[in-house]
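Quantities reported herein were computed from a predicted structural model and do not represent experimental measurements.
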Amino acid sequence: MERQNQSSSLTCENLPSFLSSFVDTFVDFSVSGLFLPQQQQIPQQPLQTHYPSPNRLVAIGDLHGDLEKSKQAFRLAGLIDGSDRWCGGSTTVVQIGDVLDRGGEELKILYFLEKLKREAVKSGGQLITLNGNHEIMNIEGDFRYVTKKALEEFDVWAYWYDIGNKMKSLCHGLEIPKNPFHGIPPSFHRVPEEFSHSIRARIAALRPDGPISRRFLANNLTVLVVGDSVFVHGGLLEKHVDYGLQRINDEVRDWINGSMGQRAPEYCRGRNAVVWLRKFSDEFAKNCDCSLLEHVLATIPGAKRMIMGHTIQEIGINGACDNRAIRIDVGMSKGCINGLPEVLEIDRNSGLRVLTSNPMYQNKNQYAQTKEGLGLLIPEHGPKQVEVKA
């Protein structure tokens, strides 16, 4: 009887505070990155594809499930303090996508980024996150690059999500929570039984209209223009610009939210997709299609450069095509090449420079050390490279 009275005392009004108290007691969000059902879905805000040029713009490459390296990158740019709180003031930050796969702390990073977004806004700054090819892959159920540790993380998420749903179902007046596992088979061909539940949890969380995809990925942009810089995970072709950058962002969000079927839009699939393209990211500048890039940029009013991730640059962040192509994926995750964190900074007054944690940057590619610093692949006009000790 006592238990029944406790259950009936849960109402639509006190459930949020009850859940918050429950989570604070049993789960440290800043460590776990877990997500419990909310009382109601957050209303969708219109996506913004074009932003004015800020005084300071920072771009951060692929993170791939490595929370510590992610934090190091933010510290390099002076964006977080020793307690991992936003201290970047009015800086605009762009994270180029590929939070998922190759590492085991994907949910932790998603929550970390979400926390920073809210803190940045309060200080007059902003953190904008993009979709990479690995976000698209996972929403489609392509788990080729998932790690065992990541599966375990989603197992834990599913456990707490289930508890949250059960608690929510006790509240009189609330709609019965939807079962996130609905329609997912109990086992999979060629998948060991020990991993079946983890795979089911990942599918449930990340498929279109899944709790994690809707909560953390749906409002990601796929293409972004900030001032005279175009951001995209892989690259843009003229056909993508003709199709419409705003249209791409809106349609990808609609797909993630579950209103456009299971398959990603065509411009997100294949080697020439916006999240897969490598025409401007080849390690050797001579192999980059600079004339094509020039033509694409000319179709975007005011655009001077395209900033991309996706293709690991073992020599660090660098510029090609007379610095019209900036490649910022340094493979920092331990699941990639365990590269030293680097970030790109664009200052309205001083221009482009690379902030690096590499103490040997002065000796790196000495042949490219010229007027502006380390030009790497295109010596004459490369971004400056500055060592910053985290």
Side-chain angles (χ1 to χ4, degrees), residues 49-50 59-62 94 96-98 130-134 136-137 221-249 252 264-331 336-337 339 342 344 346 351-352 354 365 367-368 370 372 374-383 385:
T49 299
H50 295 264
I60 298 176
D62 305 30
V94 178
I96 206 76
D98 274 10
L130 269 60
N131 288 310
N133 61 303
H134 285 266
I136 302 300
M137 291 167 66
L221 297 179
T222 304
V223 186
L224 168 68
V225 181
V226 181
D228 54 11
S229 298
V230 179
F231 293 87
V232 61
H233 185 72
L236 288 177
L237 299 175
E238 185 182 3
K239 65 180 182 180
H240 300 137
V241 181
D242 289 343
Y243 189 80
L245 305 186
Q246 184 67 49
R247 185 179 178 186
I248 288 174
N249 284 332
V252 172
E266 184 178 357
Y267 47 76
C268 286
R269 292 183 276 121
R271 66 173 60 186
N272 288 328
V274 295
V275 294
W276 284 98
L277 192 71
R278 300 186 193 270
K279 288 183 181 292
F280 316 127
S281 301
D282 195 281
E283 180 182 0
F284 299 102
K286 65 180 182 180
N287 294 333
C288 294
D289 196 335
C290 295
S291 61
L292 175 60
L293 175 64
E294 192 75 26
H295 183 71
V296 174
L297 289 175
T299 65
I300 304 173
K304 291 183 178 179
R305 67 186 68 86
M306 192 178 296
I307 300 173
M308 298 153 285
H310 185 47
T311 303
I312 295 175
Q313 308 292 313
E314 294 192 27
I315 58 175
I317 292 175
N318 63 81
C321 301
D322 198 23
N323 245 25
R324 305 277 269 176
I326 308 292
R327 298 85 71 82
I328 66 171
D329 178 11
V330 296
C336 294
I337 63 170
E342 293 187 348
L344 176 71
I346 304 177
L352 281 68
V354 176
N365 298 291
Y367 68 87
T370 58
E372 301 279 347
L374 291 181
L376 302 178
L377 297 185
I378 300 295
E380 286 74 19
H381 302 289
Q385 193 167 44

K.L.:
Which heavy atom of G234 sits nearest to which heavy atom of S281, and what is that distance?
P.N.:
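The answer is O-OG, 4.3 Å.
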K.L.:
Would R305 and D228 count as a side-chain contact (heavy atoms from CB on, under 4.5 Å) if you check the C-alpha gap in whole Å, the side-chain angles of each, and the deciding distance to 0.1 Å?
P.N.:
CA-CA 7 Å; R305 67 186 68 86; D228 54 11; 2.9 Å; yes
K.L.:
What I'd like to find out is whether the side chain of I328 reaches to under 4.5 Å of the side chain of I60, using heavy atoms alone.
P.N.:
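No, side chains not in contact.
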K.L.:
Quick one: pull up CH2 in W276 and NE2 in H233 and give me the separation to the nearest 0.5 Å.
P.N.:
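Taking CH2 in W276 and NE2 in H233, the distance rounds to 8.0 Å.
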K.L.:
Should E342 and V354 count as side-chain neighbours, where that means a heavy-atom distance under 4.5 Å?
P.N.:
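A side-chain contact under 4.5 Å exists here.
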K.L.:
In Å and rounded to the nearest 0.5 Å, what is the CD1 to CD distance from I337 to E314?
P.N.:
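Between atom CD1 of I337 and atom CD of E314 there are 4.5 Å.
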K.L.:
Shortest non-hydrogen contact from P265 to V252?
P.N.:
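Closest approach of P265 to V252, heavy atoms only: CG-CG2, 4.4 Å.
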K.L.:
With a 4.5 Å cut-off on side-chain heavy atoms, are L277 and H310 touching?
P.N.:
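No; the side chains remain at least 4.5 Å from each other.
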K.L.:
To the closest 0.5 Å, what do you measure between SG (C268) and NE2 (H240)?
P.N.:
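One gets 8.5 Å once the value is rounded to the nearest 0.5 Å.
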K.L.:
Assess whether side-chain contact (heavy atoms from CB on, under 4.5 Å) is satisfied between M306 and I300, documenting all intermediate values.
P.N.:
CA-CA 11 Å; M306 192 178 296; I300 304 173; 5.5 Å; no
K.L.:
Excluding sequence neighbours, so at least two apart, what forms disulfide bond (SG atoms under 2.5 Å apart) with C290?
P.N.:
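If we apply the disulfide bond (SG atoms under 2.5 Å apart) test to C290, skipping adjacent residues, the hits are C321.
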K.L.:
Could you tell me if the side chain of L236 sits less than 4.5 Å from the side chain of T299, heavy atoms only?
P.N.:
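Side-chain contact under 4.5 Å: no.
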K.L.:
Assess the residue pair C336 and D62 against the criterion (side-chain contact (heavy atoms from CB on, under 4.5 Å)); give the C-alpha distance rounded to whole Å, side-chain angles, the decisive distance to 0.1 Å, and a yes or no.
P.N.:
CA-CA 10 Å; C336 294; D62 305 30; over 6 Å; no
K.L.:
Measure up the Y243 and Y267 rings against each other and bin them: parallel (under 30°), tilted (30 to 60°), perpendicular (over 60°).
P.N.:
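Rings of Y243 and Y267: tilted, as their planes differ by 30° to 60°.
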K.L.:
Starting at CZ of R278, measure out to CG of N272 and round the result to the nearest 0.5 Å.
P.N.:
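Rounded to the nearest 0.5 Å, the CZ-CG separation comes out at 12.0 Å.
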K.L.:
Taking atom CG of D289 and atom CD of E294, what is their separation to the nearest 0.5 Å?
P.N.:
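D289 CG to E294 CD: 11.5 Å, rounded to 0.5 Å.
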K.L.:
For a quick test of reading the model, state the closest non-hydrogen atom pair linking G319 to I326 and the distance between them.
P.N.:
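Here G319 and I326 meet closest at CA-CD1, 3.9 Å.
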K.L.:
Going by heavy atoms in the side chains, are K304 and R324 under 4.5 Å from each other?
P.N.:
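Side chain of K304 against side chain of R324, heavy atoms only: contact under 4.5 Å found.
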K.L.:
Ignoring hydrogens and angles, state whether a donor on the side chain of T49 or Q246 is under 3.5 Å from an acceptor on the partner side chain.
P.N.:
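A donor-acceptor contact under 3.5 Å links the two side chains.
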K.L.:
I want to check something: taking the side chain as every heavy atom from C-beta on, are T311 and R327 in contact at a cut-off of under 4.5 Å?
P.N.:
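They are not in side-chain contact.
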K.L.:
For L293 and C288: C-alpha separation, side-chain torsions, deciding distance, then whether side-chain contact (heavy atoms from CB on, under 4.5 Å) applies.
P.N.:
CA-CA 9 Å; L293 175 64; C288 294; over 6 Å; no
K.L.:
Does any non-hydrogen side-chain atom of I307 lie less than 4.5 Å from one of I346?
P.N.:
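Side chain of I346 against side chain of I307, heavy atoms only: contact under 4.5 Å found.
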K.L.:
Less than 4.5 Å apart, side chain to side chain, heavy atoms only: is that true for I96 and D329?
P.N.:
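Of all side-chain heavy-atom pairs linking D329 with I96, none is under 4.5 Å.
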K.L.:
Under the criterion side-chain contact (heavy atoms from CB on, under 4.5 Å), which of V241, V223, V232 is the partner of I248?
P.N.:
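Result for side-chain contact (heavy atoms from CB on, under 4.5 Å) with I248: V223.
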K.L.:
Are any side-chain N or O atoms of D98 and backbone N or O atoms of H134, one a donor and one an acceptor, separated by less than 3.5 Å?
P.N.:
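Yes, D98 side chain to H134 backbone: donor-acceptor pair under 3.5 Å.
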